[in-house]
Undergrad: 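Pasting a structure here, questions to come.
Proteins come first, then strands; the chains are lettered A, B, ... in the order of their sequence lines, and each starts at number 1.
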Amino acid sequence: MNLKDTLNLPRTQFPMRGNLVQREPERLTHWENLDLYAKIQAKNADGPLFLLHDGPPFTNGDVHIGTALNKILKDFILRYKSMRGYRTPYLPGWDCHGLPIEHKVSRELRAAKKDLTPAQLREECAAFSEKYIGVQRGQFKRLGVLADWEREYKTKNPAYEAEILKTFATFVEKGLVYRSKKPVYWSIPCETALAEAEIEYHDHVSPSIWVKFRVSEPQKFGLPEDSFFVIWTTTPWTLPANLAVAVHPDLQYTQVAHQGETYVVALPLAEQFIADCALEGATTKGQHLGKDFDGAETRHPFIDRASPVVLADYVTTEAGTGCVHTAPGHGLEDYLSGLKYGLEIYCPLDDKGCYVDDGQVPENLVGVSVLEQNGKCPANDAVLAIIGDNGTLLQCKRFEHQYPHCWRSKTPVVFRAMDQWFVSLDHNGLRQQVLDAIDGVQFIPERGENRIRGAVETRPDWCISRQRSWGVPIPAFYTEDGDALLDAEVIRALAAKVALHGTNIWFEQEPEQLLEGIELPAAFAGKTLKKGTDTLDVWIDSGCSHLAVLKHAPDLKWPADLYLEGSDQHRGWFQSSLWTGMIAAGEPPYKKIITHGFIVDGKGEKISKSKGAMSSDGWVEKYGADIMRLWVCSQDYRGDIRLSDGHFKLVTNTYRSIRNTLYFQLGNLSDFDPANDSVPDGELDPLDQWALKQTADLVAACTEAFELAEFHRVYQLIDRFCGVTLSRIYHDILKDRLYTFGRDWKERRSSQTAIHQIFTTLTRLLAPILTFTCDEALSYAATDGDFADDSVHLQGWPVIDSGLYDDAVATDIEQILEFRNRVNEKLEGLREQKVIGKSLDARVLIRGTESDALFTLLQRYQPQLAELFIVSEVSLDAAADGELTLDAEHADGVRCPRSWRWVPELVSAGEYGEVSPRDRDALLSQPLT
RNA sequence: GGGCGAUUAGCUCAGCUGGUUAGAGCAUCGUGUUGAUAACGCGAGGGUCACUGGUUCGAAUCCAGUAUCGCCCA
């Protein structure tokens, strides 16, 4: 008879290894068969509503690892709230329109030599987007993200597009929408505006010129007669559009005197300037701050008009003269200066890139093209001829630099001001209302408030028009005179049509058909109208989601309780949603905003662009979703989040530790039926009471962490609980009791009662994080099989009944366990001397006085001490005086071959041979299994 | 260049309103067990709290600057 077979050793089919990559998908199928999402929603049908509104990811590829992180964090919160009894409908969204898709599709079509109409191109874009919605939906599901996929929203759905137009109608109605010029990248051969993403930077040789601008009243600014500001530029063709000279307000400027003329340039650049322009014998003198020239005026070098000096912070001393040629129609910074100083956004170019005759452009420039071909730019040459002739050109050189080129025609692009639509953000105090409203929003982390406040304060009026096809059209019509029809009622009527047919009708139908049955404002009635070709900024699309998704759904609510996105969205979705909410409904669309940082590599640097590292799926296929979720849980997401194989391996370690804890508990609960075998409250063994108190503390701490959305604290707490509280202390001590005691002995049942409580608690605390594993563990608890009809996700948040433990007892045990560390040190000493191997080989001798609180505590718990220290004997001897002393030595007596404890003598247990008296009793109390 | 942040052991985190030799877990090393075994126990080493200055009797903790990294803007 092998005594080992008489022990109550752990028994479970729960696999020690997770094998997540292979097994998780099976559980997903199981959940789908159960219709788990619906069951969870049904469970809390009468609970309070908690609404997390999903920010729609862009649908142009696999799920990015950052998006996976985002969705997992949302899932943590929703699952937690659901376990707390909240109704948590979650409608995932998809952001479908936009340049990246249009650009990619255009490239593919171009490669296939297909030339499509805008309507056809849009069909291709829609198909492209739909394809990746499918891909991403599958990948989100694989991550364990629980959502109402039946009710997902897509910004390209007709109903959604109609909502965008209706929102836009409100903008128009409130008088916020106006038309103005703004510079955009323009490809002359393609006659189209380009976005940043359509720009390629190539090496390019440009002329580099120094041009003097005569100061009108030099004496007013302490300058001699014949003074000039000298500008430097590499685009001579923009000079006809020059309207100002910019200087930095806080930069030092000086006068360079040369042959009777005085040139004003930045002091740090003066020497370089003299060298560049070969001004032999030039001298410098005087110092001026840039702001001293505020209000000064220069004359344009070849057009009879003023070019005022303006102050601008973006002026640098990296190149040039510190005096910057400013053409508001040909550059973004110039444009901003233009807005600041009320200059015209002037751009005398037609669509083909030729100067127009507007009465200001010199006659010999009219019709000249600014397009550079074969290294020749007619406009540059013509301008150089003019300023060369009239003596305002100081120097001209070759200049090699990176210059933006059109991705299609490969020609240099130009910056050209065009009519755009804007939303005025200061109309009727709107901006201030938005800033005030931010006060009512809660931010996690708190610094998010600064971030969005800064963005709202500083952003210029919202340019909402894009020269693209894949988007919601700006519903404007134009007369032959160029007057724009943008009318709220007309837009609403169009929205009604779009709700039925989608925005494709805008691209397919003629204006007459589009406007059929729609009453026009008197000024436009009967006129021939052309429809506009611009589309809306996609931030309007996604910024309307709260209106399109939440506002009218009877089972949802507005505003949302929570938005949760990456920190880049302070300037993106959080802000666009805030503006639309304030304009359309007078309130922010969210009560609370949580932001997470960005994923960086193992060194804390921007993640490399290699595809494998960016794709969520690559990591899931390698480690499994629960590991991925635990990785998300492990780090404080408010800062950067680190990602590397090393990080995943560490998380995998923690996972194994947790899984093993559950494995041990399941194994030791195999013969425990909670209904019949539980020990009543108040009768639990002291150590079990201590363990339950620890568990209650864990629940409290984890609950607080979940409430604050500080999941990394949960990770730390659980890790320590499994590794230390359970594995190192509780489980380790319990082994003797669980394995060798009689199966039905009260001490053993007491421990099983506690373990069952702890197991139930642990699986629930972790259910929002390790969704697969906790569900799996619970199945094994119920059926010792992989699947069960019940799910951990239908359980409530755990509570430890305080009647299960006595605080005073728990405190006593806590102190004894602390003392245990000193015992372990002693035992390690014996082990080093090869006196003992396992701790059961030892006996512990403690001497102390009755006045010593610790000693009397130990005395009170004397019967438990050997078990708590995992030794064979503990002797307590009263001493007359002195400190408490502790010794350890090899135990006396004989070793029981069953329990491995040393006892004074063995007794006969019949066929089992000689064992300790306690083991004999245990053997006799239970039949062999 | 501007705005918002971050920087504590190899890794992930604690360290509240400044106060004794800066704490955990994981990892590492040593070791014991072989009745949680692709497990478990015991022990040990490891940090000038990014750097520099300042405030203070006293600073990881407050202030300023520098460096590095991230996000946004230009």
Undergrad: From A:R918 CZ over to A:F741 CZ, what is the distance, rounded to the nearest 0.5 angstrom?
TA: 4.0 Å

Undergrad: Of the options B:A39, B:G70, B:C13, whose atoms approach the side-chain atoms of A:H712 most closely?
TA: B:C13

Undergrad: Taking only the C1' atom of each, what is the distance from B:U52 to B:G46 in whole angstrom?
TA: 26 Å

Undergrad: Is there a donor-acceptor pair under 3.5 Å between the side chain of A:R23 and the backbone N or O of A:G18?
TA: yes

Undergrad: With rounding to whole Å, what would you report as the distance between B:C62 and B:G19 at their C1' atoms?
TA: 14 Å

Undergrad: Let's test this: given Watson-Crick or G-U wobble pairing with both distances under 3.5 Å, identify the partner of B:C69.
TA: B:G5

Undergrad: Would you say A:R431's side chain and A:R459's backbone share a donor-acceptor pair under 3.5 angstrom?
TA: yes

Undergrad: Starting from P on B:A74, measure out to CZ on A:F415 and report it in whole angstrom.
TA: 10 Å

Undergrad: Say you pick atom P in B:C49 and the same atom in B:A9; how far apart are they, in whole Å?
TA: 9 Å

Undergrad: So, does A:N668 get its side chain near the phosphate of B:A36, meaning an N or O under 4.0 Å from OP1 or OP2?
TA: no

Undergrad: With sugar-phosphate meaning primed atoms plus P, OP1 and OP2, does A:P897 contact a base, only sugar-phosphate, or nothing at under 4.0 Å between heavy atoms?
TA: base

Undergrad: Hey, is the side chain of A:Y663 poking within less than 4.0 Å of OP1 or OP2 on B:U37, counting only N and O atoms?
TA: yes

Undergrad: Please state how far atom CZ in A:F14 lies from atom C1' in B:A39, giving the value in whole angstrom units.
TA: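 Taking CZ of A:F14 and C1' of B:A39, I get 14 Å after rounding.
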
Undergrad: Measure from the side chain of A:R447, starting at C-beta and using heavy atoms only, and say which of B:C26, B:C4, B:C72 lies closest.
TA: B:C4

Undergrad: For the pair made of CG in A:N660 and P in B:A39, what is the distance, rounded to whole Å?
TA: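 Result: 7 Å.
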
Undergrad: Of the listed nucleotides (B:A36, B:G70, B:A14), which one gets closest to any side-chain atom of A:H731?
TA: B:A36

Undergrad: Counting Watson-Crick and G-U wobble pairs only, both distances under 3.5 Å, name the nucleotide matched with B:G32, or none.
TA: B:C40

Undergrad: Describe the nucleic acid contact of A:G837 in one word from base, sugar-phosphate, nothing, applying a heavy-atom distance below 4.0 Å.
TA: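 Result for A:G837 = sugar-phosphate.
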
Undergrad: Hey, are A:E825 and A:R822 close enough for a salt bridge, meaning a charged N less than 4.0 Å from a carboxylate O?
TA: no

Undergrad: Looking at B:A36, I'd like to know if its phosphate oxygens (OP1 or OP2) sit under 4.0 Å from a side-chain N or O belonging to A:Y739.
TA: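 For B:A36, OP1 or OP2 has a side-chain N or O of A:Y739 closer than 4.0 Å.
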
Undergrad: Can you measure A:E832 atom CD to B:U31 atom P for me and round it to whole angstrom units?
TA: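 To the nearest whole Å, that distance equals 10 Å.
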
Undergrad: For a quick check of understanding: with a heavy-atom distance under 4.0 Å over all strands, which category does A:S567 fall into, base, sugar-phosphate or nothing?
TA: sugar-phosphate

Undergrad: Is the shortest side-chain N/O distance from A:R728 to OP1 or OP2 of B:G25 below 4.0 Å?
TA: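 So the side-chain polar atoms of A:R728 do come within 4.0 Å of the phosphate oxygens OP1 or OP2 of B:G25, strictly under.
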
Undergrad: Answer with base, sugar-phosphate or nothing: what part of the nucleic acid does A:E605 contact at a heavy-atom distance below 4.0 Å?
TA: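 If one applies the 4.0 Å heavy-atom cut-off, A:E605 turns out to touch the sugar-phosphate alone, with no base involved.
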
Undergrad: What interatomic distance, in whole Å, is found between C1' of B:A64 and the corresponding atom of B:C26?
TA: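 Taking atom C1' in both B:C26 and B:A64, they lie 37 Å apart.
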
Undergrad: Considering Watson-Crick and G-U wobble pairs with both distances under 3.5 Å, what does B:G47 pair with?
TA: none

Undergrad: Indicate whether OP1 or OP2 belonging to B:G41 is found under 4.0 Å from a side-chain N or O atom of A:S727.
TA: yes

Undergrad: Just how far, in rounded Å, is P of B:U34 from CG of A:L3?
TA: 15 Å

Undergrad: Does B:G32 have OP1 or OP2 under 4.0 Å away from a side-chain N or O of A:K834?
TA: yes

Undergrad: Should the side chain of A:R17 and the base of B:A38 be counted as holding a donor-acceptor pair, with the cut-off at 3.5 Å?
TA: yes

Undergrad: Considering every strand shown, what is the Watson-Crick or G-U wobble mate of B:C62 when both distances are under 3.5 Å?
TA: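 B:C62 is paired, partner B:G54.
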
Undergrad: I want to verify a distance call: between B:G70, B:G41, B:A39, whose nearest atom is closest to the A:D732 side chain?
TA: B:G41

Undergrad: Have a look at A:G604 and say if it touches a base, only the backbone sugar-phosphate, or nothing, with a 4.0 Å heavy-atom cut-off.
TA: sugar-phosphate

Undergrad: Could one point to a donor on the side chain of A:T661 or the base of B:A36 with an acceptor on the other under 3.5 Å away?
TA: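 Checked by distance alone, the answer is no.
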
Undergrad: For A:E825 and B:A44, give me the distance from atom CD to atom P, rounded to whole Å.
TA: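 Roughly 6 Å, once rounded to whole Å.
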
Undergrad: For B:C26, give its Watson-Crick or G-U wobble partner with both distances under 3.5 Å, or none.
TA: B:G10

Undergrad: With rounding to whole Å, what would you report as the distance between B:U48 and B:G30 at their C1' atoms?
TA: 28 Å

Undergrad: Would you give the length of the straight line joining atom NZ of A:K735 to atom CG of A:N668, rounded to the nearest 0.5 angstrom?
TA: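 It is 9.5 Å, given to the nearest 0.5 Å.
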
Undergrad: Ignoring backbone atoms, test whether A:R638 places a side-chain nitrogen or oxygen under 4.0 Å from the OP1 or OP2 oxygen of B:G5.
TA: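 So the side chain of A:R638 is outside the cut-off, no N or O lying under 4.0 Å from OP1 or OP2 of B:G5.
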
Undergrad: Hey, is the side chain of A:Q716 pairing donor to acceptor with the base of B:U12 inside 3.5 Å?
TA: yes

Undergrad: Measure from the side-chain heavy atoms of A:L7 and tell me the nearest of B:A6, B:A36, B:G35.
TA: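 Among B:A6, B:A36, B:G35, the one nearest the side chain of A:L7 is B:G35.
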
Undergrad: Do the charged groups of A:R638 and A:D636 touch, with an N to O distance under 4.0 Å?
TA: yes

Undergrad: Decide, yes or no, whether a salt bridge links A:R737 with A:D688 under the criterion of side-chain N to carboxylate O below 4.0 Å.
TA: yes

Undergrad: Distance criterion of 3.5 Å, no angle test: do you see the side chain of A:K735 paired donor-to-acceptor with the base of B:A36?
TA: yes

Undergrad: How do A:W900 and A:I729 order along RNA chain B: which one's closest nucleotide is nearer the 5' end?
TA: A:W900

Undergrad: Among B:G43, B:G25, B:A39, find the nucleotide with the atom closest to the side chain of A:V724.
TA: B:G25

Undergrad: Determine the Euclidean distance between corresponding P atoms of B:A27 and B:A67; express it in Å to zero decimal places.
TA: 39 Å

Undergrad: Select from A:R571 and A:Q635 the residue whose nearest nucleotide in RNA chain B is closer to the 5' end of that strand.
TA: A:Q635

Undergrad: Report the C-alpha separation of A:R901 and A:E867 in whole Å, then their side-chain angles, then the decisive distance to 0.1 Å, and conclude whether the salt bridge (Lys or Arg N to Asp or Glu O under 4.0 Å) test is met.
TA: CA-CA 10 Å; A:R901 288 152 47 249; A:E867 184 185 39; over 6 Å; no

Undergrad: Given the C1' atoms of B:U12 and B:C4, what is the spacing between them in whole Å?
TA: 25 Å

Undergrad: If you measure from the C1' atom in B:C63 to the same atom in B:A22, how many Å do you get, rounded?
TA: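 Nearest-Å result for B:C63 against B:A22 at atom C1': 22 Å.
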
Undergrad: Taking the inter-plane angle between the rings of A:Y730 and A:W690 on a 0 to 90° scale, is it parallel (under 30°), tilted (30 to 60°) or perpendicular (over 60°)?
TA: tilted

Undergrad: Under 4.0 Å between a side-chain N/O of A:H647 and OP1 or OP2 of B:U12, yes or no?
TA: yes

Undergrad: OP1 or OP2 of B:C42 sitting under 4.0 Å from any side-chain N/O of A:R820?
TA: yes

Undergrad: Check every atom of B:C72, B:A6, B:C40 against the side chain of A:R451 and return the nucleotide holding the closest atom.
TA: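 The answer is B:C72.
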
Undergrad: Take the protein atom NZ of A:K838 and the nucleotide atom P of B:G41, then report the distance between them rounded to whole Å.
TA: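 Those two atoms, NZ and P, are 14 Å apart.
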
Undergrad: A:K606 has an atom NZ; how far is it from atom P of B:U68, in whole Å?
TA: 17 Å

Undergrad: On the nucleotide B:G15, are OP1 or OP2 found under 4.0 Å from the side-chain N or O atoms that A:R713 carries?
TA: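 Indeed, a polar side-chain atom of A:R713 lies that close.
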
Undergrad: OP1 or OP2 of B:G35 versus the side-chain N and O atoms of A:K4: is any pair under 4.0 Å?
TA: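 So the side chain of A:K4 is within the cut-off, an N or O lying under 4.0 Å from OP1 or OP2 of B:G35.
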
Undergrad: With a cut-off of under 6.0 Å to the ring centre and 45° to the axis, is A:R659 in cation-pi contact with A:F14?
TA: yes

